[in-house]
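Atoms within a ligand are numbered from 1 in the order they appear, just like the ligands themselves.
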Amino acid sequence: MIRVFAPGVVKLFGEHAVVYGKPAIAVAVDKGVEVACEKGDKTVVRTGKAYVDIEYEHGTGAAHAKGHEPFLSYVAAALRKAEESFGRLAASFEIRGDFPPSVGAATSASVSVGILKAYSACLGVDVGKAELAKLAHGVELEVQGAASPMDTAVSAIGGMLRIEPNPFSYRRIDSAVDGFVLAVLPRRGTTKDIVAGVRALKARRRSVDAVIDAIGRLVDEAEGCLASSDLECVGELMEINNWLLGALGVVGHDVVMMLKYLKPYIYGGKISGAGRGGIVVLLPKRRQELREALAAMEVPSVEVKVDRDGARVV
Ligand code: MEV
């Protein structure tokens, strides 16, 4: 039995604008997805209680889920891509996730990266991080239609990365800023639909281009603040990024109210990912009181730290 860990990804700066060629900064975290793989006579994917069992047919590439499962399309596309790239493998896979599906912690990216990594490792192939990132991005593109390489690259490579999407490149940011609290709000809509909504707004109103440019400029400034581990600056830029994302229509009243209430306990906070609920990343100033305030609001939360190594056999 082979076990693989693929980290979740917290978007610190630049989501949505990265779809239009702007840089972004994201961090791999110590919570994510574990995929176990064991060779067998047919391919079956089992998932934890948040998920559902999926059967995959070699040859036709068809996958059948028992029950409704938003990840079916990612799992099926990852298996097809793995078969194309590494050859045929009949095996049972078991996926266990730390986050509920579709909350904005790049669970789909971690699942795609995890399946590809486990499939190759089960066949004895040591797939390189760059290749893994590229294949997993292909999975997201196939399923979502539009996806930047950010989430899949950060889960595959690990650490805090500045991503340039077009052409893809990255650099590591060496920062002492670590230890984030993620608040998990109910999510309204899928990444695909939310990204499509922003695209439609951008097509309707040319002023939106200025918002996207402003996010790109903010990422440059944020990289400097992260590199100098300036918590006040990072927090303030998170707040500004959140208002700019609000101008794109992806930040709800619930997030604004929550951030206002949590202000005394954080340097800053913002949605992380496509938005409309989902994960809100908080940079804690008074960690214990922050956790207590979230608990009092009955908002589930989880603490994460930077994962420096990316997807790997464990
Ligand atoms: C989703 O996690 C982040 C977005 O920027 C979409 C993408 O980068 O593909 C909203």
- request: Kindly determine whether Arg188 and Asp193 satisfy salt bridge (charged side-chain N to carboxylate O under 4.0 Å, His left out), including the steps that lead there.
  value: CA-CA 10 Å; Arg188 299 177 297 276; Asp193 293 344; over 6 Å; no

List the atom pairs, donor and acceptor, that lie under 3.5 Å between side-chain atoms in residues 227-238 and the rest of the protein, sequence neighbours left out.
{"residue": "Ser228", "atom": "OG", "partner": "Gly224", "partner atom": "O", "Å": "3.0"}
{"residue": "Ser228", "atom": "OG", "partner": "Cys225", "partner atom": "O", "Å": "3.4"}
{"residue": "Ser229", "atom": "OG", "partner": "Ala176", "partner atom": "N", "Å": "2.9"}
{"residue": "Asp230", "atom": "OD1", "partner": "Glu232", "partner atom": "N", "Å": "3.3"}
{"residue": "Asp230", "atom": "OD1", "partner": "Cys233", "partner atom": "N", "Å": "3.1"}

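Between the side chains of Glu140 and Ser108, at least one donor N or O lies within less than 3.5 Å of an accepting N or O. With hydrogens and angles left out, the side-chain atoms of Tyr74 and Gln144 include a donor and acceptor closer than 3.5 Å. At a cut-off of 3.5 Å, with distance as the only test, no side-chain donor of Ser92 or Arg46 sits close to an acceptor on the other residue.
The part of Val19 lying near ligand 1 is the side chain, judged by heavy-atom distances below 4.0 Å. The parts of Glu15 lying near ligand 1 are both backbone and side chain, judged by heavy-atom distances below 4.0 Å.
Taking every non-hydrogen atom of Val18 and a distance limit under 4.0 Å, the qualifying atoms of ligand 1 come out as 5 (O), 8 (O). The atoms of ligand 1 that sit less than 4.0 Å from any heavy atom of Ala147 are 9 (O).
Alongside Leu141, the hydrophobic cluster contains no other residue (criterion: ILVMFWY side chains under 4.5 Å).
Checking only distances, Thr191 never comes within under 3.5 Å of ligand 1, N or O to N or O. The shortest N or O to N or O distance between Asp151 and ligand 1 is below 3.5 Å.
Comparing Lys11, His16, Lys22, His137 against atom 4 (C) of ligand 1, the shortest heavy-atom distance belongs to His16.
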